[in-house]
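Residue numbers start at 1 and run along the sequence shown.
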Amino acid sequence: MYELFHRFAEQLTGSVDKVDLHDALAETASSLDIPLFAYLFPSLQLGRATDLISTYPQPWTSHYLHRRYEDVDPVVDQARRRQEIFRWDANGGGLDLSPPQRRLMDEANQFGLRSGFTIPIHDRRGLFAALTFASDERQPLFFRVIDRYERALELIAIFFHIQARRRLTTDRTVDGVALSSRETQCLQWASQGKSAWEIGEILGISQRTAAFHLDNAKKKLGVRTVTQAAIRFAMSKPSDDT
């Protein structure tokens, strides 16, 4: 388990986007014989979509987000209201279902989502997320796996949320353009004359990762070079920080 978690931590630390986050958690869950997971991170910003990183069937996740099921999902509702981990099944076990929630669970069941183990995450910044591990198996087989790895899954969820929050939340705007926390950090050092290699050394990330964030920031700010992006960042007002 130590080697598994160490590899998971290394993958997350070096991740640059949702694809990397997805792949790291998918590999780890698969190693624990857990076929499905869904990390839901509702946005605090009006008009911005909920972030979902998942191995659930793609037709279901598209339908779920299009119908804004996060607003009625009984799993999400319970995770918002409590901090303790909980288990559920598609028949409503572990959940108190209203008629719309009953219909949602029936639909989920049709896509093979029959049993789940959900870890609510409420961090010190007031951000909420939920990581659910799920299976198309009936309860006994799936929950035997959960019983074996329950504590490890809680740690995985917390660490995943910390890394996902850094990549999915916006910490600063420059001239009205939203930048991620990593883009902000990289631009801050670039404005002090640091190269991508030096920034990587300072932040504990690879040169490729630093260059990725600098390039993203440059594109967002609509300039041709990283130097121009760094200058715009340096000239922006501190009050732009959120």
Fill in: Salt-bridge contact Arg87-Asp147 (side-chain N to carboxylate O under 4.0 Å)
yes

Worksheet item: Could you walk me through whether Arg114 and Phe142 pass the side-chain contact (heavy atoms from CB on, under 4.5 Å) check?
Response: CA-CA 10 Å; Arg114 297 190 173 93; Phe142 173 65; over 6 Å; no

Worksheet item: So with a 6.0 Å cut-off around CZ of Arg148, is the heavy-atom count from everything else above 12?
Response: no

Worksheet item: For Leu36 and Gly112, which heavy atoms make the closest approach, and how far apart are they?
Response: CD1-O, 4.4 Å

Practice prompt. Verify the cluster assignment for Leu131 and Leu155: are they in a single hydrophobic cluster under the rule of side-chain heavy atoms below 4.5 Å apart?
Written response: yes

Worksheet entry | Reported CD-to-NZ distance for the pair Glu183 and Lys219, which is rounded to 0.5 angstrom | 11.0 Å

Worksheet item: side-chain hydrogen bond (donor to acceptor under 3.5 Å, both in side chains) with Gln78: which of Arg82, Arg80, Arg81?
Response: Arg82

Item to complete: Identify the two heavy atoms, one from Pro57 and one from Leu113, that lie closest to each other, and give their separation to 0.1 Å.
Response: CD-CD2, 4.4 Å

Fill in: Closest non-hydrogen atom pair, Val226 against Lys218
N-CD, 3.9 Å

Item to complete: Look only at the side chain of Thr28 and the backbone of Ala24, and say whether a donor-acceptor pair between them is shorter than 3.5 Å.
Response: yes

Worksheet item: Sequence neighbours excluded, which residues qualify as ring pair (Phe, Tyr, Trp, His ring centres under 6.0 Å) partners of Phe111?
Response: Trp60

Worksheet item: Ile119 and Ile162: same hydrophobic cluster, using ILVMFWY side-chain contacts below 4.5 Å?
Response: no

Discussion item. Is any side-chain heavy atom of Leu40 closer than 4.5 Å to one of Val76?
Written reply: yes

Worksheet, complete the sentence: Nearest heavy-atom approach of Ala157 to Ile121 is O-CD1, 3.6 Å

Practice prompt. Evaluate the side-chain proximity of Leu95 to Phe86: yes if any heavy-atom separation is below 4.5 Å, no if none is.
Written response: yes

Item to complete: Check the pair Asp23, Gln11 against side-chain contact (heavy atoms from CB on, under 4.5 Å), reporting the backbone distance first and the verdict last.
Response: CA-CA 9 Å; Asp23 291 348; Gln11 288 179 292; 5.8 Å; no

Worksheet item: What's the spacing between Asn109 CG and Leu104 CG if we round to 0.5 Å?
Response: 11.5 Å

Discussion item. Using the rule that Ile, Leu, Val, Met, Phe, Trp and Tyr join whenever any side-chain heavy atoms are under 4.5 Å apart, tell me whether Met1 and Leu153 fall into a single cluster.
Written reply: yes

Response to the item:
Exactly one candidate in Val174, Ile199, Leu221 meets side-chain contact (heavy atoms from CB on, under 4.5 Å) with Leu187; the answer is Leu221

Item to complete: Determine, step by step, whether Arg182 and Ile205 satisfy the side-chain contact (heavy atoms from CB on, under 4.5 Å) criterion, reporting the C-alpha distance in whole Å, the side-chain angles of both residues, the deciding distance to 0.1 Å, and the verdict.
Response: CA-CA 10 Å; Arg182 273 301 192 202; Ile205 58 180; 3.5 Å; yes

Worksheet item: With distance as the sole test, does Thr13 use its side chain to make a donor-acceptor pair with the main-chain N or O of Glu10 at under 3.5 Å?
Response: no

Practice prompt. Calculate, to the nearest 0.5 Å, the distance between atoms CG and CD1 belonging to Leu4 and Ile156 respectively.
Written response: 6.0 Å

Response to the item:
Of Phe160, Phe159, Phe133, the one forming a ring-ring contact (aromatic ring centres under 6.0 Å, His included) with Tyr39 is Phe160

Worksheet item: Linking I/L/V/M/F/W/Y whenever any side-chain heavy atoms sit under 4.5 Å apart, do Ile158 and Phe5 land together?
Response: no

Fill in: Check: Ser54 side chain, Phe37 main-chain N or O, donor-acceptor pair, under 3.5 Å
yes

Worksheet item: In Å and rounded to the nearest 0.5 Å, what is the CD to CZ distance from Glu27 to Phe8?
Response: 10.0 Å

Practice prompt. Please report the closest heavy-atom contact between Thr61 and Tyr56, naming both atoms and the distance.
Written response: CG2-CB, 3.6 Å

Worksheet item: Can you tell me how far CG of Leu141 sits from CD1 of Ile146, rounded to the nearest 0.5 angstrom?
Response: 12.0 Å

Worksheet item: So do the side chains of Tyr64 and Glu107 get within less than 4.5 Å of each other, counting heavy atoms only?
Response: no

Worksheet item: Hey, what's the ring geometry for His122 with Phe128, parallel, tilted or perpendicular (30° and 60° as the breaks)?
Response: tilted

Worksheet item: Are Val72 and Gln101 side-chain neighbours, meaning at least one heavy-atom pair lies under 4.5 Å?
Response: yes

Worksheet item: Between CG of Asp73 and CZ of Arg67, what distance do you get to the nearest 0.5 Å?
Response: 13.5 Å

Worksheet entry | Thr132 to Gly116 - nearest heavy-atom pair and separation | CG2-CA, 4.5 Å

